[in-house]
Number of protein chains: 2
Amino acid sequence: MDREAIWNIFHAVIATGDTYAFDPRTSREEALVYWFQSDTYTYVAEQNRQIVGTYILRANQPSLGSHVANAAFMVAPTARGLGVGRYMGEHCLSEARRFGFRAVQFNFVVSTNTSAIHLWKHLGFKIVGTLPGAFRHPGKGYVDVYVMFRSLEEAGKE
Amino acid sequence: MDREAIWNIFHAVIATGDTYAFDPRTSREEALVYWFQSDTYTYVAEQNRQIVGTYILRANQPSLGSHVANAAFMVAPTARGLGVGRYMGEHCLSEARRFGFRAVQFNFVVSTNTSAIHLWKHLGFKIVGTLPGAFRHPGKGYVDVYVMFRSLEEAGKE
């Protein structure tokens, strides 16, 4: 069942406490409520009939800011390095464009999560903001957080 | 009753559609649910026994980001220019410090809202991010939005 697989991935990803702000002890119920909020599209990525990743896509703000999407991604630790994140990222941009969003914004990319930042830059995201010490890293103390932004408009049309 | 006064202010503030992302047609119920969310402190400012402003204060992120507060402010249009916003802003910083927050962050300050930006800068906030075209202004089209941040740590302790 998808929810079971999603919870397993969610739990494994937040357990290390170094990429998401969620309490590593977040319960299954809280996690699934968050991941399946209303007005949120929830996706899973499969490989060999196994769910290896999941992402959510939604408007980042209500009405007058609803043309900018927000998204969050999680890859099963056992499936890292196989391109699942990249595949989901590209799929997300395509879905966001299909829904008519003008841009995708990440509100909270931990600055020490270099592989994610590398991937998002590769997919056209730019760092548009830096939140000083906004994340309490389990090993590194307070570290900066980036706001990243990817326009979906054609060049010159922005 | 406070909720009635808060709704009147909320409704008047969002009606112009030039400072908050809320749909100007947001209902009383939706507004009050938002303004009185769990884990949110809700305040009112009074002048001559009239409620002339209201603000909310809460953690901007869960657990590992919960040391940064978020706040939102609304002043009754009839009470503008009387220092209510500034009074609430100072009160908010004091409350945030009292609760142990390390910083206060505004996620969505519309760049054309110059009086608000002026006030927040005066209270020590800095623009730490710019979201390109993230607000659909009724008269000006897509305009930028700022992320503003105010540390509450002593200088040199950050």
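Computed from a predicted model, the values in this text were never measured in an experiment. Throughout, protein chains are lettered first and strands after them, A, B, ... in sequence-line order, and every chain is numbered starting at 1.
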Peer 1: May I ask whether A:V143 and A:Y146 are part of the same hydrophobic cluster, defined by side-chain heavy atoms of I, L, V, M, F, W, Y residues being less than 4.5 angstrom apart, directly or through others?
Peer 2: no
Peer 1: Shorter than 4.5 Å, heavy atoms on both sides: which option in A:P24, A:G65, A:S63 has the most such pairs with chain B?
Peer 2: A:S63
Peer 1: Would you indicate whether A:R97, at its atom CZ, is surrounded by more than 12 heavy atoms from other residues, nucleotides or ligands within a distance under 6.0 Å?
Peer 2: yes
Peer 1: Please report the interatomic distance CZ(A:R102) to OH(B:Y142), rounded to the nearest 0.5 Å.
Peer 2: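 Going from CZ on A:R102 over to OH on B:Y142, the span is 4.5 Å.
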Peer 1: Measure distances from B:V128 to the heavy atoms of chain A and classify the residue's part below 4.5 Å as side chain, backbone, both or neither.
Peer 2: both
Peer 1: So with a 6.0 Å cut-off around NE2 of B:H11, is the heavy-atom count from everything else above 12?
Peer 2: no
Peer 1: Closest approach of B:H67 and A:R136, non-hydrogen atoms and distance?
Peer 2: CE1-N, 3.7 Å
Peer 1: Mind checking whether B:L119 and B:M74 sit in one hydrophobic cluster, side chains of I, L, V, M, F, W, Y counted as touching below 4.5 Å?
Peer 2: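 No.
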Peer 1: Nearest 0.5 Å, please: how far is OG in B:S66 from CZ in A:F135?
Peer 2: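 One finds 11.0 Å between CZ of A:F135 and OG of B:S66.
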Peer 1: Does A:Y41, at its OH atom, have more than 12 non-hydrogen atoms belonging to other residues, nucleotides or ligands within less than 6.0 Å?
Peer 2: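 12 or below, so no.
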Peer 1: Quick one: which of A:A21, A:A134, A:G133 has the most heavy-atom pairs under 4.5 Å with chain B, could you say?
Peer 2: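 Counting heavy-atom pairs under 4.5 Å, the top option is A:A21.
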Peer 1: In this structure, are over 12 heavy atoms from other groups packed under 6.0 Å from B:E46 atom CD?
Peer 2: yes
Peer 1: When only pairs under 4.5 Å are counted, which of B:L131, B:V68, B:V110 shares the most heavy-atom pairs with chain A?
Peer 2: B:L131
